[in-house]
Amino acid sequence: MTTEKRSFQAEVSRLLDIVAHSLYSEKEIFLRELVSNASDACDRMRYLALTKPELAEADAEYRVVLTPDKQKKTLVVDDNGIGMTREELAENLGTIARSGTASFLQNLTGDAKKDLSLIGQFGVGFYSAFMVAREVEVISRRAGESEAWRWVSDGRGEYTISPAEKAGRGTTIILHLKEGEEEFLEPHRLRHIVKTYSEHIPLPILLKEGGKEEKLNEASALWTRPKAEIKPEQYKEFYHHVGHVFDEPWLTLHFRAEGVFEYTGLLFIPSTKPFDLYDPQRKGRLKLYVRRVFITDDAEGLVPAWLRFLRGVVDSEDLPLNVSREMLQSNPMLAKMRSQIVKRVLAELEKKAKDSPEEFEKFWDNFGAVLKEGIYEDLDHRDALLALARFRSTAGEKLVSLEEYVGRMKPGQDAIFYVTGDSVAQAARSPHLEGFRAKGVEVLYFTDPVDEFWSGAVGEWKGKKLKSVTRGGADLAKIEGESKEASADAEDKDAKAPANVQSLIAIFKLALGDAVKDVRTTDRLTDSPACLVADEGDVDIHLERLLRQHRHIDKLAKRILELNPKHALIERLAALVGKDGTTEQLQEMAWLLFDQAKILQGETLEDPAAFTRRLSGALARGLPT
Ligand code: ADP
Ligand code: MG
């Protein structure tokens, strides 16, 4: 087979463009990326050798060798890992297959500075080699295959693949350094880079120079070393390597479980949201090792989906080495480890919430929505998660817990009130909040889509019902308000609802017919004339919109139109009832108020033309002649 020329996937070209044209301040990280890949390749080889030992026999001492050549101006990174076939070369080094990439690329702005910081979080992996190399050559031979392949590219849109010679399995990467990048041929520089970024790599990284080999790292698995001997920097670099993320760990949790079975965990919680956090597969990302041998980073069941943001490793002393990925799922030991890991993580979160509430808020802003999935689906941990849950509320900027909320409920208040919306700003504009605000009754903002689901499933907390302010009666009259005036008002509210308002309601009902479930007065409004609410047993309005967006339902439930009897407009309308020739006008007003309430809710109108016609008519009538 001869040389074949191919184009990079468009996304790769874009990425390479940014890499090549930005003055990246930390070019040296290319070596971290290549060593990290070499280490992953050796891990995968070690796993393969569990079932096919003959593939490793000839060369079972896994290592990475760095060879600088000052004459040729090349730096060679060589590993005896699993290697790549021709198809794998094309797939792995010509496309970006990693999940989350699509959203990463969507986030690119074209502004070099902003994009670079994004890449910093994401990591460009193999492609970072083009920061220092004008040409990259990859010669690879897959374990068990006799042929080897050469991949070559200058990183400008195309690469070639052709047959090559290679004595053993593994991958050799030859970087033809750019003019001015000769520093990466200096042994002291390479030594320093490896110490900085790759000290934790559990296989030897060797520097080959003048026929001599020098080991640059300690080469033992970081998680097996005593905590006291590990520096925060080393934890961080290890986190970057295992997590494929490049932020600071928000939490580092290193423990050894001893007892019936033994295992070590080195877990991290990121300080930023990983790009694939809302991937529909909700996969956990912990790496499972058995006695230092990497088994899988896809161990379903090692952590629940609501802890999928955890990064790190779990290394078991007791699982059988030949455990297949498929067998793992039903292994009772895995289930035990899972429940213990969950316990440890929850205990750690509780501690943070108590001791450093501000730090905890940062965590909650990133991952609260994911933990809430646990409230919904994980009955065993529901109470613990509810205790950790934090919310924004009408009481101010600070996040509140349910405990705090209940602690400051008003006398006479027997429910935890919440308002749902796409954002706090949007929810805060809800007219339904007016009466609560007037009485100083705190309302929680539920702005994550999952809020609709867990609140429905949980129903109540410590005997207090969770109640949407857009559903059912508001019962504000029973609650003692902040000002004397408001509570006095509430007491005689029904008595004061004048007879002509009742007649107005009758006219509205007739006009709107099937469009509404009911029309009634409310005390939940102070400034707005009308709003729509869901009936007690009906789907809440915001949830209905979510369900419609996702095409789970297409028909709207009928709503209740509530009128504010103290609003000037309603008073005026009520006064018109019974006057000659006003019935038609009142019917038009019923529709106008109904549509207005819909607009406030962020709904689209079924008949915008009719709405504007009515509005224009009303405006025209209102103008002085
Ligand atoms: P990532 O490591 O995050 O998957 P990279 O860009 O670093 O992304 O590498 C892309 C892919 O190329 C890897 O997932 C792996 O499949 C393959 N690869 C890279 N380097 C090697 C190597 N030295 N040996 C075997 N496969 C490799
Ligand atoms: Mg990589």
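For ligands, and for the atoms within them, numbers begin at 1 and follow the listed sequence.
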| Would you say Asp318's side chain and Glu262's backbone share a donor-acceptor pair under 3.5 angstrom? | yes
Please tabulate, one pair per line, all N/O donor-acceptor pairs under 3.5 Å involving side-chain atoms of residues 44-54, not counting sequence neighbours.
{"unit_1": "Arg46", "atom_1": "NH1", "unit_2": "Asp43", "atom_2": "OD1", "d": "3.4"}
{"unit_1": "Thr51", "atom_1": "OG1", "unit_2": "Leu48", "atom_2": "O", "d": "3.1"}

| said: What I want to know is whether Phe126 and ligand 1 share at least one N or O pair that is separated by under 3.5 angstrom. | reply: yes
| task | Verify, without hydrogens or angle tests, whether Asp276 (side chain) and Asp279 (backbone) share a donor-acceptor contact under 3.5 angstrom. | result | no
| message | Distance check below 2.8 Å: does Asn37 bring an N, O or S atom to the Mg ion (ligand 2)? | response | yes
| query | Taking only heavy atoms of Leu93, which atoms of ligand 1 are found under 4.0 Å from at least one of them? | reply | 12 (O)
| message | Parallel, tilted or perpendicular: which one describes the rings of Phe184 and Phe30, with boundaries at 30° and 60°? | response | perpendicular
| query | For atom 2 (O) of ligand 1, which candidate among Ile173, Asn37, Thr95 provides the closest heavy atom? | reply | Asn37
| said: Taking ring pair (Phe, Tyr, Trp, His ring centres under 6.0 Å) as the definition, give me every residue that meets it alongside Phe363, ordered by chain and number, with sequence neighbours left out. | reply: Trp250, Phe309, Phe360, Phe367
| request: For ligand 1, note which part of Glu33 has a heavy atom under 4.0 Å away: side chain, backbone, both or neither. | output: neither
| field | Arg150 side-chain N/O to Val138 backbone N/O, donor-acceptor pair under 3.5 Å | value | no
| N/O of Asp40 under 3.5 Å from N/O of ligand 1, yes or no? | no
| Can you check whether Tyr127 has an N/O within less than 3.5 Å of an N/O in ligand 1? | no
| query | Is any N or O atom of Asp79, backbone or side chain, closer than 3.5 Å to an N or O atom of ligand 1? | reply | yes
| said: So Asn92 and Trp151, do their side chains get closer than 4.5 Å, heavy atoms only? | reply: no
| said: Show me which atoms of ligand 1 lie under 4.0 Å from any heavy atom of Met84. | reply: 17 (C), 18 (N), 21 (C), 25 (C), 26 (N), 27 (C)
